Visitor: 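Before I ask anything, let me first share the structure, which is written out below as structure tokens.
Not measured: the values here are computed from a predicted model. Side chains are part of it too, since the values below use all heavy atoms of this structure and drop only hydrogens, waters and symmetry mates.
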Amino acid sequence: MPHVFLEFDIDPGVKTVSDLTYVLRHEAGKQTAYAISAEVAKFVQDALIVNETIISFKNCCFAFRNGAEFVTFDNKGKSKRFSDPIPAWFIRPGEFVRSTWLRTHELADLRAPDFVNAFIEMFPDLKERRHHADLLFDLKLEKTKAKAESVSPPTGKPGNKNRITTKPKVADLGSFEIFSHFFERLKTAVNNDTFPTLQVLTGHDDITRVPNSLKGSVRTWFKAVTGELPPNNKRVGAGNAVLFCAPIREQIRQVESWGLEEYYQKLSQAIAEAGETYIADFTFRVS
């Protein structure tokens with residue numbers, strides 16, 4: 001495989017989608033390995049939602065979330081997702097930092113004093129510096145920290161002591177194509193009197209492997225169209241999908257009467273204006 005891209009919690013060599021495009025165009029045929037940012041990882045995962053075959057990614061390998069999930073593309077751009085077994089091309093974070101990452105950041109050939117100065121300048125934030133030093137020198141600082149914390153267990157009752165809410169906020173992927181796929185799945189489900197669950201609306205049986213950006217957007221879009229949140233397991237368990245789906249069919253017809261693309265443009269604008277609004281509190285009506 002010519003290109004290996006790894007989503008590690010380190011300073012990435014491929015920070016933006018433009019960087020990714022540059023590598024694919026100008027380093028074609030070369031054997032490369034780059035750490036990628038969360039932004040680039042999200043771009044690739046969102047692209048896979050739309051199409052499982054992406055010609056521009058042919059012969060590329062991606063590892064997401066420190067190797068929790070892998071995607072390979074064959075010589076025609078057809079993708080394959082898996083999490084096990086760990087592929088031979090995968091480079092573990094410590095090994096990657098001590099080899100490819102040092103060369104990519106032009107640190108490999110520096111004398112020790114120059115390296116130390118460059119390393120400190122690169123990471124003015126102490127937490128970032130500590131993390132990269134941990135990987136680079138295999139200090140196992142995180143394991144030491146975890147062991148120390150386990151000696152003194154927290155007192156008091158567990159729970160959300162800081163009262164930080166976990167309610168999801170409105171989201172929008174900014175893609176009419178992805179929205180149209182969502183809308184078609186919603187329409188098919190309710191026309192067949194099937195509960196439009198999050199799995200159905202995203203097209204993924206294993207919801208844990210769906211990007212949070214897609215789940216948040218689908219919940220927001222569903223709330224905008226129907227005025228409700230997607231049915232959870234408790235609602236599905238209660239049964240009577242016919243009763244649940246009946247009013248949604250009329251809401252779908254109203255959206256289609258406006259024109260799907262025009263509806264989405266106005267919805268996308270409303271989501272942007274809603275800012276930090278919680279999905280449960282979000283309402284949208286085309287006027």
Side-chain angles (χ1 to χ4, degrees), residues 42 45-53 69 79-83 160 165-287:
K42 178 181 179 300
Q45 290 173 314
D46 288 348
L48 282 168
I49 295 168
V50 178
N51 199 335
E52 294 185 350
T53 298
E69 180 182 0
S79 65
K80 176 185 177 183
R81 291 174 179 257
F82 60 98
S83 56
N160 188 0
T165 181
T166 57
K167 292 194 298 183
K169 297 178 181 179
V170 293
D172 178 36
L173 284 172
S175 169
F176 171 69
E177 185 172 5
I178 298 176
F179 173 79
S180 63
H181 288 313
F182 149 80
F183 190 82
E184 189 59 35
R185 292 189 186 104
L186 171 61
K187 183 177 178 180
T188 300
V190 298
N191 284 343
N192 291 329
D193 289 324
T194 300
F195 278 112
T197 62
L198 204 56
Q199 288 90 338
V200 170
L201 297 174
T202 59
H204 292 266
D205 291 333
D206 186 356
I207 203 65
T208 63
R209 303 185 69 175
V210 178
N212 288 332
S213 56
L214 176 60
K215 288 188 285 190
S217 297
V218 164
R219 288 189 180 102
T220 304
W221 296 338
F222 187 86
K223 181 65 162 55
V225 173
T226 69
E228 300 186 42
L229 293 172
N232 55 24
N233 291 337
K234 183 177 180 180
R235 179 64 185 87
V236 173
N240 206 338
V242 175
L243 182 64
F244 186 89
C245 292
I248 299 178
R249 282 193 283 272
E250 176 58 32
Q251 291 156 341
I252 287 175
R253 282 193 289 270
Q254 291 176 5
V255 172
E256 291 178 325
S257 70
W258 278 98
L260 193 59
E261 190 163 3
E262 181 181 353
Y263 176 88
Y264 175 67
Q265 288 174 353
K266 292 184 177 180
L267 171 58
S268 187
Q269 181 180 352
I271 295 171
E273 292 173 352
E276 297 293 298
T277 302
Y278 298 120
I279 297 175
D281 300 329
F282 178 69
T283 57
F284 174 73
R285 290 290 180 270
V286 177
S287 57

Visitor: Indicate the atoms forming the closest heavy-atom contact of Ala270 with Phe284, along with that distance.
Guide: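 Result for this residue pair: CB-CD1, 3.6 Å.
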
Visitor: Working to the nearest 0.5 Å, report the span between CG of Leu186 and CD1 of Ile252.
Guide: 4.0 Å

Visitor: Got a second to check how far Leu214's CG is from Ile49's CD1, nearest 0.5 Å?
Guide: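 Nearest 0.5 Å value for the CG-CD1 distance: 4.0 Å.
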
Visitor: Scan residues 181-193 for pairs that pass side-chain hydrogen bond (donor to acceptor under 3.5 Å, both in side chains), counting only residues two or more places apart or in two chains.
Guide: Lys187-Glu256, Asp193-Arg249

Visitor: Determine the minimum heavy-atom distance between Ala224 and Arg285, stating which atoms define it.
Guide: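 Scanning both residues completely, I find the closest heavy atoms to be O-NH1, 3.4 Å.
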
Visitor: Using a 4.5 Å cut-off on heavy atoms from C-beta on, say whether the side chain of Asn240 contacts that of Val242.
Guide: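 A side-chain contact exists here, since the closest heavy-atom pair is under 4.5 Å.
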
Visitor: Locate the shortest heavy-atom distance separating Tyr264 from Leu173; write the atom from each residue and the value.
Guide: OH-C, 4.5 Å

Visitor: How many angstroms lie between OH in Tyr263 and OG in Ser180, if you round to the nearest 0.5 Å?
Guide: 14.0 Å

Visitor: Are side-chain heavy atoms of Ile178 and Ser217 found at a separation under 4.5 Å?
Guide: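 They are not in contact (no side-chain heavy atoms under 4.5 Å apart), so the answer is no.
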
Visitor: Are there more than 12 heavy atoms of other residues, nucleotides or ligands under 6.0 Å from atom CG of Asp206?
Guide: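 More than 12 within 6.0 Å, yes.
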
Visitor: Got Pro231 and Phe222 here, is their nearest side-chain heavy-atom distance under 4.5 Å?
Guide: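 Pro231 vs Phe222: side chains touch.
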
Visitor: Going by the side-chain hydrogen bond (donor to acceptor under 3.5 Å, both in side chains) test, which pairs reach into residues 219-231, not counting sequence neighbours?
Guide: Asp172-Trp221

Visitor: When rounded to the nearest 0.5 angstrom, what is the spacing between CG in Asn51 and CD in Glu177?
Guide: 8.0 Å

Visitor: Do any N or O atoms from the side chain of Ser268 and from the backbone of Gly174 form a donor-acceptor pair under 3.5 angstrom?
Guide: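 No, Ser268 side chain to Gly174 backbone: no donor-acceptor pair under 3.5 Å.
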
Visitor: Tell me the closest heavy-atom pair linking Arg81 and Gln45, and the distance in Å.
Guide: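 Closest approach of Arg81 to Gln45, heavy atoms only: NH2-O, 4.1 Å.
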
Visitor: Hey, could you give me the NZ/CD1 distance between Lys169 and Ile279, rounded to the nearest 0.5 Å?
Guide: 11.0 Å

Visitor: Who passes salt bridge (charged side-chain N to carboxylate O under 4.0 Å, His left out) against Asp46, sequence neighbours left out?
Guide: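 Asp46 satisfies salt bridge (charged side-chain N to carboxylate O under 4.0 Å, His left out) with Lys42 only.
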
Visitor: Once you round to the nearest 0.5 Å, how far does NE2 of His204 lie from NZ of Lys215?
Guide: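 Here the interatomic distance stands at 10.5 Å.
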
Visitor: Taking all atoms of both residues into account, what is the closest heavy-atom pair of Cys245 and Pro196, and its distance?
Guide: SG-CD, 4.4 Å

Visitor: How close do Glu262 and Trp258 get, heavy atom to heavy atom, and via which atoms?
Guide: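 Glu262 and Trp258 have their closest heavy atoms at OE1-O, 3.2 Å.
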
Visitor: So, Gln265 versus Gln269: side-chain donor-acceptor pair below 3.5 Å or not?
Guide: no

